[in-house]
2 protein chains.
Amino acid sequence: MVSKSQISFLKSLQQKKHRKEHGLFLVEGLKSVTDFLQSDFYTIKTVYHTPLSEPKMLKVSGNIKFQEVSAAELEKISSLNTPQEVIAVVEVPGLPELKTQQLAGKFTLLLDGVQDPGNLGTIIRTADWFGISNIICSEDTVDVYNPKVVQATMGSLSRIAVHYTNMLLLLAKNTLPVFGAMLNGENIYQTDFGTEGLIVLGNEGKGIRPEIQQLVQKNITIPQSGKAESLNVAIAAAIFCNEISRNRLK
Amino acid sequence: MVSKSQISFLKSLQQKKHRKEHGLFLVEGLKSVTDFLQSDFYTIKTVYHTPLSEPKMLKVSGNIKFQEVSAAELEKISSLNTPQEVIAVVEVPGLPELKTQQLAGKFTLLLDGVQDPGNLGTIIRTADWFGISNIICSEDTVDVYNPKVVQATMGSLSRIAVHYTNMLLLLAKNTLPVFGAMLNGENIYQTDFGTEGLIVLGNEGKGIRPEIQQLVQKNITIPQSGKAESLNVAIAAAIFCNEISRNRLK
C-alpha cells in the first residue's frame, strides 16, 4: 500500500525537472527491473511490485526496499498504457566526466540533438546488441531517463553508460577518428573504420549541426537505391554499428 | 471552412473500422501530401490546407478537391500533437492479389504480425531508401493506414505497395528463396542472398510464428556481440535490407 503523496511523488518522476531535482527515475516491467538489479552502475532504491509478481522477483542483497502494491496502485504510478507488474525507482548515476582517450580501442556513438525518445531508446538497445558500451549525447539530446526512452531500451540502459556533454568541447580535445553519418559522404560499404572511433549521428530533421560537422573527419553515407529522402536516425545508427561489427564477426 | 459533421467524419478515419468502411485514410504534412500527389497507385480525393500553405501546394491536375481551412479547423482534424498545414484524404488502393512469381528477380519483405505502428512505418521508410518496392503483411499486422504508421513512413508509403494476405497460403505456393530473421540461424555476414527472395520478419515479442517458420528455408541471424536479448524488428529489417544492398553497391 502506498500513500497518495507517494503516488504523486512517483508520478512526478515522469517529468524531467522532477527527475533532475531528486536524481531519480523509474524503470517499468519485470525484465527491465531485473536487468537494472544486475547493473554495474545503477543503484535501485525501491521496487514496487504486485503480489502476483513477487515470486518472480530477483531479490538481490543490498539496501533495496521491496514494497508490495495493488495492481490499481501500480497503474496510477505507471507511465505505460498497459502497466506491467513491477516499477523500480532508480538513482541517476553520477557518471565521471568522460575524455575521449578513455574510448581508445573501441567505437562510441555520439548523438547530436536526437529528440525522439523512441529513437534514443532504440539506439541504446541496438548499441547493447552490438557491444558498444558508451553513448555520448549533446546537452540538447532528449533526456535518457524519460520513461519512453527507458521503455524502448528494453533493459539495455542498465548496461550502457549514457553521457551528456558539450560535444564541441569534447571533440576539440579528441584524438580518435571521427566519422559522421551524412548524406553526401563516402560509401559506407567502402569505408575502413579501423579499430576505434567516434560515430556522430545528428538530429532527426536537421542532421549534424554545422559546428560539429567541421570536426567530423570522414563523412560517411549509406548508399540509397530507392527514393526516401533520408533514413530514421536509429536505423542509420544500427547500420553503422552493423558495418563495424561485420568487420570483426564475418 | 468545414462543417462540424465533416470534421467528425475526418476524425473518424483515425480508427480502422471507419477507414475500412469508407476506404479512405488521412495523410498529414506538406512533404507527405506532395509525395502522395505524385504517387503511382494512390488517389487523393481532397486536400485540406491552411491559407498559409496554399502557395506551397503542388496543384496537379485531376479530380482532386482543394479546400482551404483555418489552422484551428485543421487542428481538430489532425491526429498529430503538432498539426502541420496540410491534410489529404486518400483512397485505400485496391491492390491486385499478389503471387510471389511477380516478385521474381527482387527482394521483398514479409512481416508476420508486426504490431507497433512506428515499427511498420519505419520499415516502409527503410524499404523505400533501399529500393524495395513491395511489403507483404500477415493479416494480423497493424493496419498500414493507421495515422501513426503513415506519419512514420515520412511519405515513403506513397511509393511502396503494402499487401495484406494469408502468409501461409502465399508461402505454400511460393517458388522464391525464403529467408527468416531468427536468433539461432546462419551468420548474416556469411549469407549469400543471391538475387531474389522473401525476407520474413516476425512479431515484436514472439518472432515468426511456428507454422511460418516451417516454410522458411534459411534461418539468418545478425551476430550479437553485446548483451541485448533481441533487436527491434525495424532495426533487424534495416540490417537485412543493408546486407542485400551492400552486395550490389559496394
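All values below were derived from every heavy atom in this structure, side-chain atoms included, with hydrogens, water molecules and symmetry-related copies excluded. Here is how names work: the chains are called A, B, and so on, in the same order as the sequence lines, proteins then strands, and each is numbered from 1. Treat the numbers as computed from the prediction; the structure is a model and nothing was measured.
Counting heavy atoms of neighbouring residues, nucleotides and ligands inside a 6.0 Å radius, atom NZ of K218(B) exceeds 12 of them. Heavy atoms from other residues, nucleotides or ligands lying under 6.0 Å from CE of M182(A) number more than 12. Dense packing is recorded around NZ of K31(B), with more than 12 heavy atoms of other residues, nucleotides or ligands lying under 6.0 Å away. In the displayed structure, N81(B) atom CG is contacted under 6.0 Å by at most 12 heavy atoms of other residues, nucleotides or ligands.
Of all the heavy atoms in P223(A) and S245(B), the pair that sits closest is O-OG, 4.4 Å.
S156(A) places no side-chain N or O within donor-acceptor distance of the main-chain N or O of A228(B), the cut-off being under 3.5 Å.
Residue E229(A) touches chain B through both its backbone and its side chain, counting heavy-atom pairs closer than 4.5 Å. Both the backbone and the side chain of S230(A) have a heavy atom closer than 4.5 Å to some heavy atom of chain B. With a 4.5 Å cut-off on non-hydrogen atoms, R125(A) touches chain B through its backbone and its side chain both. Both the backbone and the side chain of T126(A) come within contact range of chain B, judged by heavy atoms closer than 4.5 Å.
When side chains are defined from C-beta on, W129(B) counts as touching I222(A), because their heavy atoms get closer than 4.5 Å. In this structure the side chain of N242(B) reaches within 4.5 angstrom of the side chain of E243(A), judged on heavy atoms.
No other option in N232(B), L231(B), I235(B), I124(B) has as many heavy-atom pairs under 4.5 Å with chain A as L231(B).
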